[in-house]
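Note that ligands are numbered from 1 as they come in the structure, with each ligand's atoms numbered from 1 the same way. For the single chain, residues carry numbers from 1 onward in sequence order. Just so we're clear, the structure is a prediction, and the values are computed from it rather than from any experiment.
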Amino acid sequence: MERTLVILKPGCLQRGLIGEVISRFEKRGLKLVAMKMVQLDEEILKVHYAHLLDRTFFPWLRDGMMAAPVILCCWEGYSAVQVVRDMAGATKASKAVPGTIRGDYSLSAQENIVHTSDSLENAEIELKRFFVESDYCEYKSPLDPFKYAPDEY
Ligand code: IDP
Ligand code: MG
């Protein structure tokens, strides 16, 4: 089973959309295996958004990500990285397809509700950035046989 990182951004918290967004992942069949609320700081954002450090909008992005706490979630499921990425929709939310999270809840390229890992490799790196092993919870998912074929879980 793949695991991926979702960050519910400060705007998601402030706008009261946390429940809506989490509910989408739950209903899709993904399993929540770790979750915590934290205040991000500049140090971790420079690492997390290292690929954007030289962009003119970086200071706005950094300040936006520190404007309120975020909710960090690890979701597990079949093909979870791509599934969650597709559910988030395009980065520029004004172009995101309706039915995606960004396409339903945002118009902004910056204030776009969620971060989602963009590859399995980056998911592993990002999860290590924000979670330690003891943050993960082990529990049974008795509905898995109703969600998946035998070779999918
Ligand atoms: P992603 O979040 O869809 O993976 P990235 O290109 O990795 O997109 O960018 C990370 C975050 O930086 C975006 O989610 C968004 O908040 C912000 N960002 C990206 N491009 C722009 C832009 O052109 N203007 C303002 N903010 C941007
Ligand atoms: Mg990205």
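Taking the six-membered ring where the residue is Trp, the centroids of F58 and Y49 are separated by 6.0 Å or more.
The pair K128-E124 does not count as a salt bridge, with every side-chain nitrogen at least 4.0 angstrom from each carboxylate oxygen.
For OH of Y78, the number of neighbouring non-hydrogen atoms (other residues, nucleotides, ligands) closer than 6.0 Å is 12 at most.
Ligand 1 lies under 4.0 Å from heavy atoms of K9, Y49, H51, L52, F57, L61, R85, T91, K92, R102, A109, Q110, N112.
When the side chain to side chain contact (heavy atoms under 4.5 Å, CB included) test is applied to Q39, the partners found at least two apart in sequence or on another chain are M66, P69. For the side-chain hydrogen bond (donor to acceptor under 3.5 Å, both in side chains) test, residues two or more places apart in sequence or in another chain that qualify with D86 are Q82. Remark: Y105 engages no residue in a ring pair (Phe, Tyr, Trp, His ring centres under 6.0 Å) (not counting sequence neighbours).
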